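Just below is one structure, and these are the notes that go with it.
These numbers come from a predicted model, not from an experiment. Each chain gets a letter, A, B and so on, in the order its sequence line appears, and its residues count up from 1.
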Amino acid sequence: MSETTPALQRPATNLPPKYTPAEVEGPLYQSWVDRGYFTARPDSGREPFSIVIPPPNVTGSLHIGHALDHTIQDIVIRRQRMMGRDALWLPGMDHAGIATQNVVERELRKDGITRHDLGREAFVAKVWEWKEHSGGQILGQMRRLGDSVDWSRERFTMDAGLSRAVQTIFKRLYDDQLIYRAERIINWCPRCHTALSDIKVDHHDDEGELVQLVYGEPDGEDRVVVATTRIETMLGDTAIAVHPGDERYRHLVGRKIELPLVGRMIPVVADDHVDPEFGTGAVKVTPAHDPNDFEIGQRHGTAAINIMTPEGIITGTGTPFDGMDRFEAREAVREALRAQGRVGDERRPYVHAVGHCSRCDTVVEPRLSLQWFVSVGPLAKAAGDAVRDGRVRIHPKEMEPRWFGWVDDMHDWCISRQLWWGHRIPVWYGPGGEVVCLGPDESLPGSAADGTPPEGWSQDLDVLDTWFSSALWPFSTLGWPEDTAEVERYYPTSVLVTGYDILFFWVARMMMFGLYAMDGVQPFDTVALHGLVRDRFGKKMSKSRGNVVDPVEWMDRYGADALRFTLARGANPGSDQAISEEWAAGSRNFCTKLWNAARFALLNGATVEGDLPPVSEQSVVDRWILSRLATITAQADAGYADFQFAKTTEALYHFVWDEVCDWYLELAKLPLAAGGRPAEVTRRVLGEVLDVVLRLLHPAIPFVTDALWTQLTGGESVVVAAWPTAVPGAAEAPGDPAAESEVAALQRLVTEVRRFRAEQGLKPGQTVAGRITGLGRTGLAAHEGEVRALARLDDAGDGFAASATLRAGEVTVELDLRGAIDVEAERKRLEKDLGTAQKERAQAQAKLSNEQFLAKAPDEVVAKIRERLVVAEAEVARLESALGGLPVG
RNA sequence: GGGCCUGUAGCUCAGUUGGUAGAGCACCGCGCUUACACCGCGGACGUCGUCGGUUCGAGUCCGGCCGGGCCCACCA
């Protein structure tokens, strides 16, 4: 209790009449941090619960998808904290190799310099500088959102500690021969000058040309026609392949044919890969520029000739095409071959899938390259098994097939990147061809004290794929490879919350490395997947569409709570959500409603002091709301636990708005006005309801709930309040059905009277004289006062003359409308209702006269239909009588 | 090419083991009823894509078709 917590000091009357999110949210976050609420306590003796944040890229700022991701994690972790767990939500950021390097290079370009002008060391220093700036922005946004992360444990994938983890695991994998270096066809971006993972390649249909190309003598018997979309690669052909069983080419297998334009003699080989049905049944083989061809080349021992520079310029072919860009060469080669009559004049457009760099959209070039790989076989198998045998749960379960589809058929992972920003591959090459992989504390024999390598040694130039370090995140952030208390305590983490879009390349890799590094212990027990945030039409957000929502803008306009509540309300497990500004406004409105309800309670002396009054002293209305509160508490608890955020927040929304505000508060006004013991009981129940509701809502909307809760209870903060699991003093679940049905009957009657009034043109606030009879037969004998208050009926004094009569079930309400009754309106209303009732009666009768139904349907269902018939018949009778009683108009 | 998901009120979406269709927003009346016009009261709105099957009964299960979307993929 210090100056940092002004909210605590305010008397109840100080709650401003108007809810202003900025005023509520502004000071709260820092006070939470100052009080250390978010700091995990390994020595607390409490049961641990841990989440590591999916580290946002240091590039740019948080987008709405991050806001969703963080909201979900914050809901989970805040609830656990309230449940008394030692809750750790570990924050941090990812260095995002290529993305970050691109951003910084773009900055440099504005000043007309390239990274090569600076040199590697200076450039990397520049990136660090930039990271400090950009990273700060993200942290500010997280604070704004209310993320209850443990700032004392913030990490960055390029931190010294995490870099040690990277080097340690690299060395271990290397020693276990799970990392190897090999020439492979990789996706190469000629513009970014880097290898791209399969995931960074977008395939979409482009129009090209499937050229038919004649090899061998155009008229000779060694004539072979092949088809290709990349004719320029023929300069690097080293074979022609046909299917072994293809009679058309049997005579050619084993022979050599001259490669046009180049003059090289290349063999015809037989390979199963070739589909004799496709095209001409013959394939040109360019091992250095096509993955299939590479494999064919490997099988037949043919050379791989690289004909392109990293920039995509033809080189080393000894032809006039050297020096041409690949697309330029495509045309030139085609023309040259056409001149020789090997290619037809006619162009046949051909639409096919072409890979593009996901970052710059350049057409990727399959290219032979010396790269580092992780041999994923055993690692992926373990990752699959962990889910198969139930050690790791994927939520929702429908995502499991995708998981298995991926881990059960994973290619080896190319981990080297031709970048400067990232973890440098810890491998050194010696003058005599030596290759040495170094662990964190190792150095080359003969190194100088300052680490300068011996003469002739140099380190591999490449850095590791960003995902390599992210894959270690669940334990590297806890201090691994050191033997820390945090690793011991918080690993495996309890739940991983992330979007299904990175299930494969992040989650799968964490699973592989986690199981590998931590002796088979999984990195998390549960993977909770959420979807993508889309625009109001369900379209993907993109800068080009101009439909991107900036979470900060919405927080400015509606508050962080409203943004969070909006995202939570749309968060159905694993599925995308469409959001619009109306939703945010609706969420803000809900916070306002909550605020106003709390104001009402405070102005009326609601309290949480002392025990809840015994059931014997509670009114039916109290019992009803407490029963409902107990139900909603159980629902919310279970719903949050099962990651059903949409369902749960929706249920709380309706409980607060439709039940507490619309009915309970209105009904409570009577005993509060009456004073005495009934008022005392109501004040206590009212306090209880709000207290519990605020605690249940706190994980989703932390700011406004804390502001209100401290006012209501005088407690320190709802952040550290106990999580409600049951409502003490309320009847046990399934609640108090008697009270619930009694109040339901009351609500039905009041609604009926209100509707009648509205049909008759009475203004909602206008009080009229009325006489109510028959309440006892509906079990509402004790509720006449409430009916009168909510339906605005005055007691009928002397001289009362009924001019309109409403029969609602057993109850009759006669109103003195002083001749204002609209007979036609009432007739229309009654006839409509009669139609509905008759239809219901007919449906029930039809079912009950169906012998098959009677014979086969369960008894309870039959009983339900019988009951329905009775009700419908009574309703028909009532409406017919009411219609008959209308004045002839 | 293979696989997955999806089609419910004008819009965006819920609908638990098959048993009389729901929400928010938008819409139509009326209203400053002493917490709240970021509100209240009342109202209207769907042959659950389509055809067929299973069943006493299907939005809910099965099959075909049509319409969207996604993932994976080396088809030259």
Side-chain angles (χ1 to χ4, degrees), chain A residues 15 17-19 185 198 203 210 226-230 233 241 273-275 277-286 290-295 352-353 366 398-399 401-402 405-406 409 500-501 503-504 534-538 540 558 562 569-570 572 574-580 582-583 585-604 646-647 650 653-654 661-662 665-666 669 673 750-751 754-759 761-767 789-792 829 839-840 843-844 847 850-858 860-862 864-865 868 872:
Chain A
L15 200 59
K18 189 173 158 48
Y19 164 62
I185 296 286
D198 290 348
H203 289 270
L210 186 61
V226 302
T228 178
T229 54
R230 294 189 299 152
T233 62
H273 166 75
V274 180
D275 177 1
E277 304 294 321
F278 187 88
T280 59
V283 183
K284 61 190 276 303
V285 179
T286 321
D290 184 280
N292 295 315
D293 293 6
F294 179 78
E295 284 176 24
H352 62 130
E398 295 84 75
M399 290 289 172
R402 294 195 191 197
W406 177 259
D409 186 26
Y500 65 78
D501 54 326
L503 179 63
F504 309 134
R534 296 168 173 274
D535 77 2
R536 64 185 174 287
F537 304 111
K540 206 165 177 172
Y558 306 103
R569 276 201 293 166
N572 286 119
S575 53
D576 293 350
Q577 59 172 301
I579 55 162
S580 65
E582 287 75 43
W583 276 76
S587 298
R588 186 268 324 267
N589 295 353
F590 175 70
C591 294
T592 303
K593 191 72 179 174
L594 200 58
W595 179 274
N596 287 319
R599 269 195 84 227
F600 171 83
L602 290 167
L603 291 171
N604 285 283
K647 209 174 279 181
E650 203 67 23
Y653 176 100
H654 285 114
C661 291
D662 288 353
L665 295 190
E666 292 304 320
K669 285 174 182 173
V750 168
T751 301
R754 283 171 171 169
R755 185 179 162 202
F756 179 65
R757 291 175 47 117
E759 302 276 348
L762 284 178
K763 299 184 194 325
Q766 185 183 340
T767 300
L790 297 191
R792 310 230 163 236
R829 183 179 78 83
K839 204 171 142 196
E840 279 173 17
Q843 282 176 348
K847 285 210 168 188
N850 180 338
E851 307 222 343
Q852 295 281 3
F853 172 74
L854 294 177
K856 297 189 178 177
E860 61 202 68
V861 173
V862 176
K864 213 165 132 188
I865 302 294
R868 198 178 293 159

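- Nearest nucleotide to the A:R755 side chain, out of B:G24, B:G40, B:G43: B:G43.
- B:G42 atom C1' lies 15 Å from atom CG of A:L790, rounded to whole Å.
- Comparing A:D290 and A:K540, the nucleotide of RNA chain B nearest to each residue sits closer to the 5' end for A:K540.
- Of the residues near RNA chain B, A:Q577 and A:T228, the one whose nearest nucleotide (by heavy atom distance) lies more toward the 5' end is A:Q577.
- Nearest nucleotide to the A:A597 side chain, out of B:G19, B:G40, B:A35: B:A35.
- In a base pair of the Watson-Crick type (N1 to N3 plus N6-O4 or O6-N4) or a G-U wobble (N1-O2 and O6-N3), with each distance short of 3.5 Å, B:G52 is matched with B:C62.
- For the P atoms, the distance linking B:G2 with B:C65 amounts to 13 Å, nearest Å.
- Between A:T751 and the phosphate of B:G42, there is a side-chain N or O to OP1/OP2 separation shorter than 4.0 Å.
- If you take atom P in B:C13 and the same atom in B:G19, they sit 25 Å apart, rounded to whole Å.
- Residue contacts shown for A:N604 are absent, as no nucleic acid heavy atom lies under 4.0 Å away.
- The base-pairing partner of B:C45, taking Watson-Crick or G-U wobble contacts with both distances under 3.5 Å, does not exist among the strands shown.
- One distance of note links CG of A:N589 with CG of A:L594; it measures 12.5 Å at 0.5 Å rounding.
- The gap from the P atom of B:G49 to that of B:A21 amounts to 15 Å, rounded to the nearest Å.
- Considering only side-chain atoms of A:N292, the nucleotide from B:G43, B:C74, B:C30 that sits closest is B:C74.
- In this structure, B:G1 and B:C72 make a Watson-Crick or G-U wobble pair, each of the two defining distances being under 3.5 angstrom.
- Taking 3.5 Å as the limit, the base of B:C41 and the side chain of A:R754 contain no donor-acceptor pair of atoms between them.
- What separates CH2 of A:W583 from C1' of B:A26 is a distance of 13 Å, to the nearest Å.
- For A:E666 and B:C36, the CD to P distance is 11 Å, given to the nearest whole Å.
- In this structure, A:C591 SG and A:Y558 OH are separated by 13.0 Å, a value rounded to the nearest 0.5 Å.
- Regarding A:K847, its NZ atom lies at a distance of 10 Å from the P atom of B:G57, rounded to whole Å.
- Nearest to the side chain of A:T592, among B:C38, B:C36, B:A76, sits B:C38.
- When each of B:G24, B:G15, B:G19 is scored by its nearest atom to the side-chain atoms of A:K647, the top-ranked nucleotide is B:G15.
- Taking atom C1' in both B:G43 and B:C71, the straight-line distance is 46 Å, to the nearest Å.
- The base-pairing partner of B:G31, taking Watson-Crick or G-U wobble contacts with both distances under 3.5 Å, is B:C39.
- Within a 6.0 Å sphere centred on CZ of A:R536, other residues, nucleotides and ligands contribute 12 heavy atoms or fewer.
- B:G7 and B:U50: their P atoms are spaced 13 Å apart (whole Å).
- One finds no side-chain N or O of A:R230 lying less than 4.0 angstrom from the OP1 or OP2 phosphate oxygen of B:A76.
- The main-chain N or O of A:A791 is found under 3.5 Å from a side-chain atom of A:R757 such that the two form a donor-acceptor pair.
- Base contact: A:C661 has a heavy atom under 4.0 Å from a base atom.
- Listed candidates were B:U20, B:G42, B:C30. Nearest to the side chain of A:A758 is B:G42.
- Distance check on atom C1': B:C48 versus B:G18 gives 14 Å, rounded to whole Å.
- Counting any heavy atom pair closer than 4.0 Å across all strands shown, A:L665 reaches a base atom.
- No N or O donor and acceptor, one from the side chain of A:K763 and one from the base of B:C30, sit under 3.5 Å apart.
- Here, B:G40 and B:A23 have their P atoms 15 Å apart, quoted to the whole Å.
- To the nearest whole angstrom, the two C1' atoms, one in B:U20 and one in B:G24, are 24 Å apart.
- Proximity of A:N596 to the phosphate of B:C39: no side-chain N or O atom is located under 4.0 Å from OP1 or OP2.
- A:L854 places its CG atom 12 Å from the C1' atom of B:G57, with the value rounded to the nearest Å.
- Summarising the geometry, the separation between CG on A:D576 and P on B:C71 is reported as 10 Å, rounded to the nearest angstrom.
- Residue contacts shown for A:E650 are limited to sugar-phosphate atoms, with no base heavy atom under 4.0 Å away.
- Comparing B:G19, B:U20, B:C13 by their nearest atom to the side chain of A:P858 picks out B:G19.
- Going from atom CD of A:E666 over to atom CG of A:D662 covers 8.0 Å, rounded to the nearest 0.5 Å.
- At a threshold of 4.0 angstrom between heavy atoms, the contacts of A:Q843 include nucleobase atoms, whether or not backbone atoms are also involved.
- Residue A:K669 places at least one side-chain N or O under 4.0 Å from the OP1 or OP2 atom of B:A35.
- Closest to the side chain of A:K593, from the set B:A23, B:G40, B:C38, is B:G40.
- Side chains of A:T233 and A:K284 form a contact here, defined as non-hydrogen atoms less than 4.5 Å apart.
- Of all heavy-atom pairs spanning A:R569 and A:Y653, the tightest one is NH1-CE1, 3.9 Å.
- Between A:R757 atom CZ and B:G43 atom P there is a gap of 14 Å when expressed in whole angstrom units.
- Across the strands present, B:C25 finds its partner in B:G10; the criterion is a Watson-Crick or G-U wobble pair with both atom distances under 3.5 angstrom.
- Distances were taken from every side-chain heavy atom of A:Y653 (C-beta onward) to each of B:C38, B:A76, B:G24; the shortest belongs to B:G24.
- Using a 4.5 Å cut-off on side-chain heavy atoms (C-beta onward), A:Y19 and A:N596 make no contact.
- With rounding to whole Å, A:E840 atom CD is found 7 Å from B:U20 atom C1'.
- With hydrogens and angles ignored, the 3.5 Å screen pairs a side-chain donor or acceptor of A:R754 with a backbone N or O of A:L790.
- Looking only at distances, a side-chain donor or acceptor of A:D290 sits under 3.5 Å from a matching main-chain atom of A:D293.
- Side-chain atoms of A:R792 come within donor-acceptor range of the base of B:U33, with a qualifying N/O pair under 3.5 Å.
- Judged by Watson-Crick or G-U wobble contacts below 3.5 Å, the nucleotide B:U20 has no partner.
- Between A:R588 and B:C38, a side-chain N or O to OP1/OP2 separation shorter than 4.0 Å is absent.
- When each of B:C41, B:A76, B:C38 is scored by its nearest atom to the side-chain atoms of A:K18, the top-ranked nucleotide is B:C38.
- A:K864 has a side-chain polar atom (N or O) that falls below the 4.0 Å cut-off from OP1 or OP2 of B:U20.
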